[in-house]
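Here is the structure we will look at, set down as structure tokens.
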There are 2 protein chains.
Amino acid sequence: MPRADAVRNRRLLMDAAAAEFAENGMDVSITRIATRAGVGKGTVFRHFDTKEQLLAEVFSDRLEELVAVGRRLTEADDAEAALFEFMTTGVEIHVRDRSFCQAAAALSPSEASVRASRERVAEVADTLVDRAREAGAVRDDVTGLDIVLLLSAAAQAVLSIDEDPQGSLWQRYLALIIDGLRPQGAHPLPVPAPTLGRFTG
Amino acid sequence: MPRADAVRNRRLLMDAAAAEFAENGMDVSITRIATRAGVGKGTVFRHFDTKEQLLAEVFSDRLEELVAVGRRLTEADDAEAALFEFMTTGVEIHVRDRSFCQAAAALSPSEASVRASRERVAEVADTLVDRAREAGAVRDDVTGLDIVLLLSAAAQAVLSIDEDPQGSLWQRYLALIIDGLRPQGAHPLPVPAPTLGRFTG
DNA sequence: ACCTGAACACCGTTCAAGT
DNA sequence: ACCTGAACACCGTTCAAGT
């Protein structure tokens, strides 16, 4: 049973970290985050083992947004439009936040909180893919996890040439990737789909 | 006219940095690189303004490998196979080197050496795309720069779930993206192709 | 229990002193 | 002209001292 000020500080820290990461990227100092939260910097390490874990926690919070959107889209009429809207939202989440793409690339995939929410996104995505496939909108060899990885890829592609990815270039690559997902003219894939479990060890 | 030991040290530093970055990622310390090169760490900053610039220099050296491969493929008989082999080599270069994907994501696109070699890769890629297009192998709204960004994206997609990307999963996403590049069933793209110059300022 | 800030081992970068 | 390592300002993390 945690103390009242502890739960309050944890929340303050998460909020401050989310804001600082979003504004200044994942290299902001712990001191800065602690100051913004109004606590001593020692407190940060009482709530999170490491800076990476704090980043991971913020990261998976953001991913939960995407899970929520995906759940809602599960009940949409147009299964094809639903899947593509899901992907669009996913890329937007990446692009909105200065640290999100960095985090997606830098965070160890074995971080517990990251794995957990990645699993949940993949699960919703699976449902959306299945429905889109029944509607004949996507090829039958792609999975939900494929979708998650590809939308992250679309977001990252843009970073290589644009400092400030607030633009709309990502829409170009998302559209290209979506064309690759369609059943028309699909060539068999050389490698089986990944699973999250395979890398747990 | 630089002194003889200066040009020698510069080369030693580039080699040491390339090796250390490849083995340990882009977070290896300058001290470690300097030690491996057999020079004092002050010397590093005599040759490179900043650690980021050193990384950029190593990065664009690697990119030149891809330029060389692209040049050779320009004269291949099968234009379609040539383009796809170019992309395969590009992803392999990303995946081979522990730091390459990190660098692609973290380096400021305005770094001079990065911009320069990125421009040269895009140029070769343009030639390869044009030839592939004439052969009817790719849609007519993609450019060489698109290709470069997309092959980088394919490499990065894999990093999200696999610690050690020496595997072959990237082949799956490269194949998917290549399917999106084909003319069959291509939908018009919502956003025009990027140019490198646009972001110079 | 939890918070705090001084202390620690590191980092990238600078620069006075050497050759 | 170039090299060097001590010095500097910072960083993430630890921990003894406080409440």
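The shown structure was predicted, so the numbers you read here are calculated from the model rather than taken from an experiment. Reminder, nothing fancy here: chain letters follow the sequence lines and each chain counts from 1.
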Worksheet item: Given that both pair distances must be under 3.5 Å and the pair must be Watson-Crick or G-U, what runs of three or more consecutive pairs involve DNA chain C?
Response: C:4-8 with D:12-16, C:12-16 with D:4-8
Which heavy-atom pair separates [X] from [Y] by the least distance, and what is that distance?
| X | Y | answer |
| --- | --- | --- |
| A:F86 | A:A125 | CE2-CB, 3.9 Å |
| B:L145 | B:P194 | CD2-O, 3.6 Å |
| A:A76 | A:R131 | O-NH2, 2.9 Å |

Worksheet item: Hey, is the side chain of B:T50 poking within less than 4.0 Å of OP1 or OP2 on C:dT13, counting only N and O atoms?
Response: yes
Worksheet item: Looking only at side-chain N and O atoms, does B:H47 come under 4.0 Å of OP1 or OP2 in D:dC3?
Response: yes
When the distance from [atom1] of [X] to [atom2] of [N] is rounded to whole Å, what number comes out?
| X | N | atom1 | atom2 | value |
| --- | --- | --- | --- | --- |
| A:D49 | D:dT13 | CG | P | 10 Å |
| A:E52 | D:dC11 | CD | C1' | 16 Å |
| B:F45 | D:dA7 | CZ | P | 18 Å |
| A:N9 | C:dT4 | CG | C1' | 11 Å |

Worksheet item: Got a donor-acceptor pair under 3.5 Å from the side chain of B:K41 to the base of D:dT4?
Response: no
Worksheet item: With sugar-phosphate meaning primed atoms plus P, OP1 and OP2, does A:V39 contact a base, only sugar-phosphate, or nothing at under 4.0 Å between heavy atoms?
Response: sugar-phosphate
Worksheet item: Out of A:R36, A:R98, A:R32, which residue meets the salt bridge (charged side-chain N to carboxylate O under 4.0 Å, His left out) rule with A:E23?
Response: A:R36
Worksheet entry | A:R71 vs A:E64, salt bridge (charged side-chain N to carboxylate O under 4.0 Å, His left out): CA-CA, chis, key distance, verdict | CA-CA 10 Å; A:R71 292 253 166 79; A:E64 290 300 323; 5.9 Å; no
Practice prompt. Verify, without hydrogens or angle tests, whether A:R115 (side chain) and A:S110 (backbone) share a donor-acceptor contact under 3.5 angstrom.
Written response: no
Worksheet item: Is B:S152 reaching over with its side chain to a backbone N or O of B:V148, donor-acceptor style, under 3.5 angstrom?
Response: no
Discussion item. Quick check on A:E52: does its CD atom have over 12 non-hydrogen neighbours (other residues, nucleotides or ligands) under 6.0 Å away?
Written reply: yes
Item to complete: Please say whether more than 12 non-hydrogen atoms of neighbouring residues, nucleotides or ligands are located less than 6.0 Å from CD in B:E123.
Response: no
Worksheet item: Where along residues 10-38 of chain A does a heavy atom fall under 4.0 Å from DNA chain C?
Response: none
Worksheet item: Is B:L181 close to B:M87 at the side-chain level, that is, under 4.5 Å between some pair of heavy atoms?
Response: yes
When you compare the protein's N or O atoms with those of nucleotides 16-19 of chain D, which come within less than 3.5 Å of each other, and at what distance?
none

Worksheet item: With A:D179, which of B:H187, B:Q184, B:R182 fulfils side-chain hydrogen bond (donor to acceptor under 3.5 Å, both in side chains)?
Response: B:H187
Worksheet item: Of all the choices, D:dC2, C:dC3, C:dT13, which nucleotide is nearest to the side chain of B:K51 once you look at every atom?
Response: C:dT13
